[in-house]
Amino acid sequence: MTIQKILTVPNPVLKQVSRPVKTMDDQMRKLMDDMLETMYDAPGIGLAAIQVGIPLRVIVMDLAGPDEEPAPMYFADPEILEDVEEMRLWEEGCLSVPDFYEEVERPERIKLKYMDYHGKEVIQWVDGLFATCIQHEMDHLNGVLFIDHLSRLKRQRAVRKVQKAERDRAIEAAE
Ligand code: K1U
Ligand code: ZN
């Protein structure tokens, strides 16, 4: 399995709308395996293919706690069929906006349809962190980042923080 480079803001690739997978095959499963490895390495609890530069509607997640067995989840072509009116405020982070966290409000429960690792169609209601994380990841498929839900000022602050950290790291590496 290959650990891929995770793109960070303001890379314009992150703004692309990803295209449907339509059929599950070994090439797609290899992409999902590599994405999962990349997500564990980061570490994170979710990753969309566009974050590693691949514009396909594919997501991996693992919401298991540090003392629990790994519980990888794979989603291709996910769709939200229904949601509820109740909203939930949750502090989100993003591997494409490292070291920046802010609260975002999203529907508390959603009815999800997707294709799993084996190409089987799954329809299920999800809530809590599952609902928050999958909605964050599905935003990525449409070129939307969690900072796009914040004020322009907070968004600019986030992007500048990431750019400064990357500049500082480059200077340190050159010394
Ligand atoms: O970049 C991403 O899309 C992944 C992101 C997912 C997410 C986190 C929180 C709310 C919504 C979506 C992350 O994984 S950020 C890192 C993170 O949350 C984490 C890292 C290590 C341990 C536990 C959590
Ligand atoms: Zn993200």
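Small disclaimer: the values here were computed from a predicted structure and weren't measured. Remember, it's 1-based here, ligands and their atoms both numbered in the order they're listed.
Listed for the E68 side chain is no donor-acceptor partner under 3.5 Å among the backbone atoms of A64. Using a distance-only test at 3.5 Å, with no hydrogens or angles considered, a donor-acceptor pair links the side chain of D77 to the main chain of V21. Of the possible polar contacts, none joining the R57 side chain to the R19 backbone as a donor-acceptor pair under 3.5 Å is found.
When each atom of ligand 1 is checked for a heavy atom of H140 under 4.0 Å away, the hits are 3 (O). Each of the following atoms of ligand 1 lies closer than 4.0 Å to a heavy atom of Q51: 1 (O), 2 (C), 3 (O). For ligand 1, the atoms sitting less than 4.0 Å from at least one non-hydrogen atom of G44 are 14 (O), 20 (C), numbered in the order shown with element in parentheses.
Comment: K15 engages D148 in a salt bridge, judged by a side-chain N to carboxylate O separation of less than 4.0 angstrom.
In terms of protein heavy-atom proximity, atom 4 (C) of ligand 1 is closest to G46 O, 3.0 Å. Scanning the protein heavy atoms around atom 20 (C) of ligand 1, the nearest turns out to be P43 O, 3.3 Å. What sits closest to atom 3 (O) of ligand 1 on the protein, heavy atoms only, is E137 OE2, 2.7 Å. With hydrogens left out, the protein atom closest to atom 23 (C) of ligand 1 is I45 CG2, 4.0 Å, a heavy atom. Of all protein heavy atoms, the one lying nearest to atom 1 (O) of ligand 1 is L95 N, 2.6 Å. Of the protein's non-hydrogen atoms, G93 N, 3.7 Å is the one closest to atom 9 (C) of ligand 1.
Residue H149 is tested with E102, R106, E105 for a side chain to side chain contact (heavy atoms under 4.5 Å, CB included); the sole match is R106. For the side chain to side chain contact (heavy atoms under 4.5 Å, CB included) with T2, the lone residue among D34, D33, T38, V52 that qualifies is D34.
By the criterion of a heavy-atom distance under 4.0 Å, neither the backbone nor the side chain of M39 is placed next to ligand 1. Heavy atoms of H136 found under 4.0 angstrom from ligand 1 belong exclusively to the side chain.
Taking distance alone, with nitrogen or oxygen atoms compared against 3.5 Å, W90 stays at or beyond that limit from ligand 1.
Counting heavy atoms from C-beta outward, M115 and V122 have side chains that stay 4.5 Å or more apart.
Taking the six-membered ring where the residue is Trp, F130 and F75 present perpendicular rings, their angle passing 60° and hence far from 30°.
Counted by atom type alone, Q124 and Y114 present one or more donor-acceptor pairs between their side chains at under 3.5 Å.
Protein heavy atoms are found inside the 4.0 Å sphere centred on atom 7 (C) of ligand 1.
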